[in-house]
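Report on the following structure.
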Amino acid sequence: MKIRFFLILTLASLLLTAAPAGADQSAARRRLISLSAALADVQSINGQFTQEKKFDFLKEPVISRGVFFFSRPDYLHWEYLAPGVSGLDLEGGRVRAWTGPPEKRLPQPEAMAEAARLAAGQVLAWMNLDPEAIEAAYQVTVAGEEPLRLEVIPKRAGARKFIEALEVEFNADLRTVRQVTLREPESRTTLTFSAVRLNQPRPAD
Amino acid sequence: MTDWAARLYIFFRPRRILLGGLTLSLLGLSFYATSGLEMDKGLAALWPDSSPTLKRTAELMDLAPFSRLMLLQLSAEEGRATANLAPAADELIAGLDPGLMRALDLAGGLPGPEGLMNLLPALCDRECLTRVTAESAPEAWPRALAELKGDLAGPSGLNSFFWRADPLKLRSHLFRLFPAQTGRPLADPLLGHPLSPDGRHLLIIIQPLVSMNDTAGCLALMENLEALEAGLPRGLSLQTAGAHRHTAANARAIETDLVLTLSLAMLLILAIYLFLVRSWGAFWLFLTPAVAVLLAAAGLTLAFPPVSGLALGFGAAVLGIAEDYAVHVHYALRRAPDPPAALSQVAAPLGHSTLICAAGFGVLLFSSVPAIRQLAFFSALAIVAGYAWALIVLPHCPAMDRPREAAAPGRQPFPPPASPDGTRIWAVFSALAGLNALLLLLYPPAVSVRALGLPDPDLSRDQAAIEKVWRLDGGRQILLAEGADLREALELAGLATRELNRREPGSAASLAALLPPPDEQQANLLAWAIFVRTYGPGLKSGLIEAAGREGFEAAAFEPFFRWALTGPGRPVSPDSLRAACLGPLADSFLAEKGGRHFAVILAEAGARLSEDFDGRIFVLSAAGLEKNLSQALAGEKSLWPLCALLCLALLFRAFRGAVPALLAFLPALGGLTAVLLFQLLRRQPPGLVETAALPLVICLGADYGIVVVSELRARVDLGAPKAIFVSGLSTLAGIGILILADHPVLHALGRTVFVGLAVAMPLSIWLLPRLYRGRKRL
């Protein structure tokens with residue numbers, strides 16, 4: 001659902017570039033602070049992703065691939081390229097969700113765009129990388145050192161009905177995230193990032 | 001007849017202890033009566049009660065859930081961290097006084113897919129079921145399952161939320177029944193509150209538990225919010241919007257204005273007495289308004305429980321006239337050879353003045369506004385009390401009964417009788433009356449309620465900011481469908497919603513489609529049961545088999561089979577909506593008061609229903625309300641001319657002749673002309689406050705005229721010009737000082753009286769003697 005989807009995006013926006021973490025929650029906080037400082041000069045993040053969803057009631061995982069582009073202060077492009085083409089763009093609080101290739105693009109219903117707009121607030125909060133803001137909504141702990149893994153749990157019970165936890169695994173360079181795993185009541189989603197680049201110019205619409 | 005005051009004086013002169021005892025007893029009784037005063041601090045007394053529609057609207061105003069909500073926006077300053085927005089919001093909500101308001105839980109209980117879909121069988125009518133049958137037929141399964149897999153692979157949002165409970169996407173039949181435009185932003189499930197896209201603003205919606213007409217409640221509510229705002233972390237600010245804030249702002253402005261102006265007025269009046277009266281008797285003059293207030297408040301308490309706080313507040317402000325009589329008696333006592341002579345001279349003119357002023361205010365008893373009627377009653381009582389105090393008690397007070405100002409030896413203050421110059425008096429009267437008529441023709445009074453409210457730029461700014469951030473449309477109107485029971489109210493709401501949407505598709509929303517009549521729901525449930533019996537077994541086994549081919553486990557769609565194919569289904573009620581986590585929706589669109597049920601219809605501004613709905617649907621739009629109020633208040637415009645005519649008639653009766661009556665009326669006419677002329681110069685037609693204040697100008701002007709003309713006719717120097725000067729100045733200090741008030745109502749009241757008296761006073765002191773004596777000079 002939308003919450004899961006945007007949690008992936010928001011955490012990815014935070015963790016695609018990262019600094020090393022400590023061994024506990026306060027260490028994680030220090031990491032978030034240093035990460036925030038390290039990302040101060042980052043204006044954009046882009047790359048590719050592979051999304052693998054394992055559902056309890058689906059025999060095979062559902063795998064999809066796509067590209068993304070974050071740009072400060074408030075631009076996000078998230079596009080699935082296979083097996084189907086769909087995605088969304090958000091900028092300045094406005095959201096366009098769509099399906100189909102560029103030449104046959106169909107807008108998604110208003111309700112979905114509104115749901116996406118709601119989530120956009122979180123995306124942008126993460127883009128600003130304010131440790132206090134993150135800790136207002138999540139409990140972050142260090143789950144492993146090599147490779148570095150952070151466990152992120154929504155603080156509110158209402159949110160945990162949909163998202164139990166996220167696990168974020170960093171690349172060895174500790175500058176980018178390799179994988180985000182989202183644990184849900186009846187499914188598990190893994191996002192694996194590749195070809196991540198920083199401060200690239202924004203592509204033309 | 002006119003000697004009654006003198007006789008009473010003579011009677012009480014040796015019995016002053018008795019008089020003192022009687023006076024103190026009366027004051028004590030009044031104090032006792034006033035202690036039981038039931039003060040209504042609400043604004044309901046300002047609503048005209050002449051129009052049943054308006055009366056009903058006033059009752060229902062609090063009922064419309066949308067109109068009684070308050071929006072609170074917590075904002076982080078530009079460049080400041082937004083981290084603590086959500087914790088600060090939680091803290092703020094925890095600090096809300098539970099007796100005054102509660103925060104709506106915008107995040108709690110996101111509706112579960114199965115709980116929602118459970119509603120469909122009872123709501124699916126014949127047409128819906130035909131479509132459901134087609135969409136759940138075996139030939140539809142392959143496409144539906146392929147779409148489902150595609151959705152699961154993409155940013156499907158709500159689609160994957162429903163995938164197990166609704167693989168065939170039947171939810172569209174349910175969603176179309178939901179009222180659109182609920183206008184409530186969605187909460188961020190992670191933070192528990194709606195957060196703006198830029199992350200800088202957080203929205204809290206609160207439901208006040210006090211009426212927006214309850215000024216004390218609104219003040220307490222705003223004080224609670226302001227205290228919480230003061231405790232916010234640095235860099236965060238709170239903006240609020242809602243009718244309760246408006247009420248509190250008005251109440252505060254009135255309170256501040258009255259405290260400021262009444263204090264200033266007291267000081268000014270004290271200064272006037274110190275510098276102009278220069279006698280210990282000034283103490284009693286100063287005491288007169290307090291005595292009049294006490295007696296009038298006691299009368300008001302007995303006659304109008306509960307007493308409007310506004311009427312009492314404004315009434316206290318107009319008490320400057322109550323001490324007029326005391327001033328006249330004071331100067332008469334100082335000029336006349338002895339008190340009985342003074343009292344017999346002033347009793348008649350002051351009696352006429354009392355009658356005219358009381359009658360003038362009596363006209364306001366025909367007002368459609370309860371607060372104005374109470375104000376009129378209060379003022380009339382205060383005038384009578386002031387008169388009685390001045391003539392019966394005051395002459396016996398220490399330092400009052402000794403003549404201090406003897407006529408200068410050899411001075412003949414009043415020449416031998418000269419006939420009043422009737423021609424000139426008629427000419428001046430006609431000129432002023434003509435000017436009045438011309439002014440009224442050019443600039444007729446226009447009553448608008450808009451001018452009565454306190455323009456609050458902060459509130460307007462906050463409201464605009466909140467509406468902009470959350471993209472709220474503040475221009476919608478609320479309609480209330482009333483019924484003896486919920487079913488009747490919903491049926492009516494359904495009819496009205498359909499009519500509005502027929503004219504302008506999507507322009508109206510209500511809960512009628514989600515809560516159809518029970519018999520309709522029973523028919524739907526019966527039809528659904530037949531659908532289940534007919535297609536259920538095949539649908540379940542066939543869909544499991546087809547889904548298996550697509551890689552879905554057999555139990556994948558158990559939630560779907562549970563709600564769609566198991567059990568008889570349940571009728572939908574407000575309680576079942578709440579059970580499906582749709583409580584806020586149900587509570588927003590349904591209300592109950594006094595055993596009557598109401599269904600809310602949210603419509604575009606300006607949407608109109610046919611006459612069939614007249615009297616059954618109440619419109620609560622701001623524009624409609626303003627128009628209805630203005631129409632109901634239009635009758636107030638005719639009160640002051642009535643007062644003027646009554647005043648003139650009583651002057652004719654008092655003087656038994658046209659010329660002195662017209663002469664005595666000139667100050668009132670002059671004051672009236674000045675007010676109208678001033679409004680013309682301001683390019684503002686006289687409004688409700690100006691027209692309500694005009695009787696005061698007329699009565700005071702007539703009061704001055706009576707005293708001066710009586711003195712001229714009696715050819716006795718009772719110090720009328722000086723008394724008018726002193727009492728006029730004290731009235732200007734008492735009421736005219738309201739011109740300094742910020743609140744538009746108080747300011748307009750002060751301005752009108754100030755302008756009117758500023759002309760009436762010199763006319764009575766300077767012009768009247770000259771017109772009366774013709775070309776002869778004193």
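So you know, we letter chains A, B, ... as the sequences are listed, proteins then strands, and number each from 1. Note that the structure is predicted; figures quoted are calculated from it, not measured.
For B:R578, the CZ atom sits in a packed shell: over 12 heavy atoms of surrounding residues, nucleotides or ligands are nearer than 6.0 Å. With a 6.0 Å radius and a threshold of 12 heavy atoms from other residues, nucleotides or ligands, B:E91 has its CD atom at or below the threshold. A:Q200 CD: more than 12 foreign heavy atoms inside a 6.0 Å radius. Summarising the local packing, CZ of B:R176 is surrounded by more than 12 heavy atoms from other residues, nucleotides or ligands at distances under 6.0 Å.
Atoms CD and NZ, from B:E550 and A:K59 in turn, are 10.5 Å apart once rounded to the nearest 0.5 Å.
Contacts of A:E52 with chain B are absent, with no heavy-atom separation under 4.5 Å from either backbone or side chain.
Nearest approach of A:V62 to B:K149, heavy atoms of both residues: CG1-O, 4.2 Å.
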